[in-house]
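Have a look at the structure below before the remarks.
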Amino acid sequence: MATRHVRWERTGADEHAAAYEEARASLMLGQMVHDRRVELGLTQAELAERAGMTQPQLSRLESGGATPTVPLLARLAAALNADLDIAFRPHSPVAA
């Protein structure tokens, strides 16, 4: 006789949500780099050279498969003739 589950639990839901958010942020960042590169008429190889990285590294970044360091973000911003804006913005006002 088969045992039936009385209650199903979502195990690891918090970890999955965090991983999903990280992946979403990587994809958004990669899309921003891609869009600006195309806007400037640069190939991946040209931008990679300007930023001091390889074309495969840039390709992984644009596809969301890599998370860049802050120094690399700064090099990419310079190579893209753009300002780098990193900020912490509160979700809601802090109660006094």
Side-chain angles (χ1 to χ4, degrees):
M1 181 177 227
T3 304
R4 298 176 79 191
H5 289 280
V6 176
R7 183 174 130 205
W8 289 94
E9 292 183 25
R10 289 184 57 194
T11 58
D14 290 340
E15 292 84 10
H16 291 293
Y20 176 80
E21 186 57 33
E22 285 180 27
R24 188 179 77 73
S26 291
L27 284 169
M28 288 177 55
L29 176 63
Q31 188 64 53
M32 286 188 285
V33 170
H34 173 269
D35 291 347
R36 179 65 179 155
R37 176 179 62 77
V38 170
E39 184 179 308
L40 294 173
L42 298 171
T43 66
Q44 282 186 342
E46 290 167 335
L47 178 56
E49 184 177 339
R50 283 184 177 193
M53 58 192 306
T54 66
Q55 182 276 325
Q57 289 171 324
L58 180 61
S59 178
R60 277 193 302 279
L61 188 143
E62 285 189 356
S63 68
T67 304
T69 62
V70 173
L72 178 55
L73 286 174
R75 291 196 322 266
L76 279 167
L80 291 167
N81 298 321
D83 294 323
L84 177 61
D85 180 20
I86 300 173
F88 290 101
R89 294 180 184 87
H91 293 267
S92 61
V94 177

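Given the structure is predicted, the values throughout are model-derived calculations rather than measurements. Along the sequence shown, residues are numbered consecutively beginning with 1.
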From Leu84 CG over to Leu76 CG, what is the distance, rounded to the nearest 0.5 angstrom?
-> 9.0 Å
Inspect the surroundings of CD in Glu46 and state if more than 12 heavy atoms from other residues, nucleotides or ligands are less than 6.0 Å away.
-> yes
Pairs involving residues 21-31, ordered by first then second residue, that meet salt bridge (charged side-chain N to carboxylate O under 4.0 Å, His left out) (sequence neighbours left out) = Glu21-Arg24
Rounded to the nearest 0.5 Å, what's the gap from CG on Asp85 to CG on Leu73? Could you check?
-> 11.5 Å
Within residues 64-73 or reaching into it, pairs that qualify as salt bridge (charged side-chain N to carboxylate O under 4.0 Å, His left out) - sequence neighbours excluded = none
Are any non-hydrogen side-chain atoms of Gln31 and Leu27 less than 4.5 angstrom apart?
-> no
If every non-hydrogen atom of Leu40 is compared with every non-hydrogen atom of Leu80, which pair is closest and at what distance?
-> CD1-O, 3.4 Å
Could I get the full list of salt bridge (charged side-chain N to carboxylate O under 4.0 Å, His left out) partners for Glu39, not counting sequence neighbours?
-> Arg36
Tell me which donor-acceptor pairs under 3.5 Å the side chains of residues 50-58 have, and how far apart each pair is, sequence neighbours excluded?
| unit_1 | atom_1 | unit_2 | atom_2 | d |
| --- | --- | --- | --- | --- |
| Arg50 | NH1 | Ala79 | O | 3.0 |
| Thr54 | OG1 | Gln57 | N | 3.2 |
| Thr54 | OG1 | Gln57 | OE1 | 3.2 |
| Gln55 | NE2 | Gln44 | OE1 | 2.5 |
| Gln57 | OE1 | Thr54 | N | 2.8 |

What residues, two or more places apart in sequence or in another chain, satisfy side chain to side chain contact (heavy atoms under 4.5 Å, CB included) together with Ala66?
-> Arg60
Side chains of Leu29 and Met32: does their closest heavy-atom pair fall under 4.5 Å?
-> yes
Only counting residues at least two apart or in another chain, list the ones meeting salt bridge (charged side-chain N to carboxylate O under 4.0 Å, His left out) with Asp83.
-> none
